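The structure displayed is predicted, hence computed values, not measured ones.
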Amino acid sequence: YCLLGGIGETGPDVPKAAEALRLATEGGARSAGSAASIGAIRAGMRADLVALDLRDPAYRPLNSLTRQLVYSETGRAVRHVWVDGRRVIGDGRATQVDEERLAAGLAELMPGVTRDIEQLMRNAEKVLPAFSEVQRRAWSTSLGFNRYLESS
């Protein structure tokens, strides 16, 4: 999200890492209509938490946890995850899913998925010029507010 600022002009309206993290948590909960129960760590909220291994190279040296989480985290440092108070990742492994069986099933399906994607890409090439023009016109139209940030 906040990397979008890197493709345009820089300035005070470009979202910062802390703003991106807040919008991903509290903003995501609000947009889902669930701000009363998720999106923040407070008494009475549902417990969705992630424990990271700060020994991961993305966090060394640790300068700004927020910036390093937003710009550098790839999932490699995720050690434990709790969703609604239930541990679903432990020591970096899924606790609710047989990962080996899932991987085998995906490998079996992939040739068909690959064929479907190739066909979709061929079809998309046909409409790309029209969509590119729509996008160009949309981005050249002022909306009266910053497209990256919510209104204050």
Side-chain angles (χ1 to χ4, degrees), residues 1-121 123-124 128 131-132 134-135 138-139 143-152:
Y1 165 77
C2 57
L3 292 177
L4 289 174
I7 63 172
E9 296 180 22
T10 60
D13 293 340
V14 174
K16 304 291 188 267
E19 180 70 359
L21 187 59
R22 187 182 69 74
L23 291 174
T25 55
E26 294 175 17
R30 190 171 52 254
S31 69
S34 299
S37 61
I38 64 171
I41 301 173
R42 286 195 301 267
M45 301 292 269
R46 293 170 71 182
D48 291 358
L49 300 171
V50 176
L52 302 171
D53 181 355
L54 298 182
R55 294 171 298 179
D56 186 83
Y59 298 100
R60 288 191 175 197
L62 185 61
N63 296 306
S64 166
L65 183 58
T66 302
R67 287 178 47 123
Q68 286 166 269
L69 176 66
V70 170
Y71 292 118
S72 302
E73 178 55 54
T74 63
R76 184 180 56 215
V78 174
R79 300 308 309 147
H80 309 285
V81 177
W82 293 266
V83 175
D84 200 14
R86 220 177 58 233
R87 190 162 117 172
V88 297
I89 301 290
D91 296 320
R93 305 273 310 174
T95 62
Q96 309 293 310
V97 174
D98 180 342
E99 292 180 357
E100 302 293 327
R101 189 168 151 222
L102 179 62
L106 289 172
E108 196 175 303
L109 295 173
M110 280 313 294
V113 171
T114 301
R115 281 191 304 276
D116 291 348
I117 290 172
E118 289 168 354
Q119 182 60 50
L120 288 170
M121 295 301 289
N123 292 343
L128 182 60
F131 276 98
S132 294
V134 168
Q135 184 177 27
W139 279 96
L143 299 176
F145 61 87
N146 184 310
R147 294 174 194 260
Y148 297 125
L149 300 175
E150 65 185 36
S151 59
S152 300

- Scanning both residues in full, the closest heavy-atom pair of V78 with V81 reads CG1-CG2, 3.5 Å
- Task: Assess whether atom CD1 of I41 is packed by more than 12 heavy atoms of other residues, nucleotides or ligands within 6.0 Å.
- Result: no
- Message: The criterion is salt bridge (charged side-chain N to carboxylate O under 4.0 Å, His left out); which residues satisfy it with E118, sequence neighbours excluded?
- Response: none
- With sequence neighbours left out, the residues meeting side chain to side chain contact (heavy atoms under 4.5 Å, CB included) with A40 are R42, M45
- Set of side chain to side chain contact (heavy atoms under 4.5 Å, CB included) partners for S34, sequence neighbours left out: A32, S37, I38
- Task: Would you check if the side chain of S72 reaches a backbone N or O of L69 as a donor-acceptor pair within less than 3.5 Å?
- Result: no
Output side-chain donor-acceptor pairs under 3.5 Å for residues 49-61, partner residues at least two apart or in another chain, one line each.
from	atom 1	to	atom 2	distance (Å)
D53	OD1	R55	N	2.9
D53	OD1	R55	NE	2.9
D53	OD2	R55	NH2	3.2
D56	OD1	R76	NE	2.7
D56	OD2	A58	N	3.0
D56	OD2	R76	NE	3.4
D56	OD2	R76	NH2	2.9
Y59	OH	E73	OE1	2.6
R60	NE	R55	O	3.2

In a table with atom names and distances, give each donor-acceptor pair under 3.5 Å that connects a side chain of residues 83-93 to protein atoms at least two apart or in another chain.
from	atom 1	to	atom 2	distance (Å)
D84	OD1	R46	NE	3.2
D84	OD2	R46	NH2	3.1
R93	NE	E99	OE1	3.4
R93	NH1	E99	OE1	3.3
R93	NH2	E99	OE1	3.1

- Message: I need the full list of salt bridge (Lys or Arg N to Asp or Glu O under 4.0 Å) pairs touching residues 105-117, with sequence neighbours left out, sorted by first then second residue.
- Response: none
- Query: What do you reckon, is CZ of R67 surrounded by more than 12 foreign heavy atoms closer than 6.0 Å?
  - Reply: no
- Task: Indicate yes or no for a side-chain donor-acceptor contact from Q68 to the backbone of S64 under 3.5 Å, with no hydrogens or angles considered.
- Result: yes
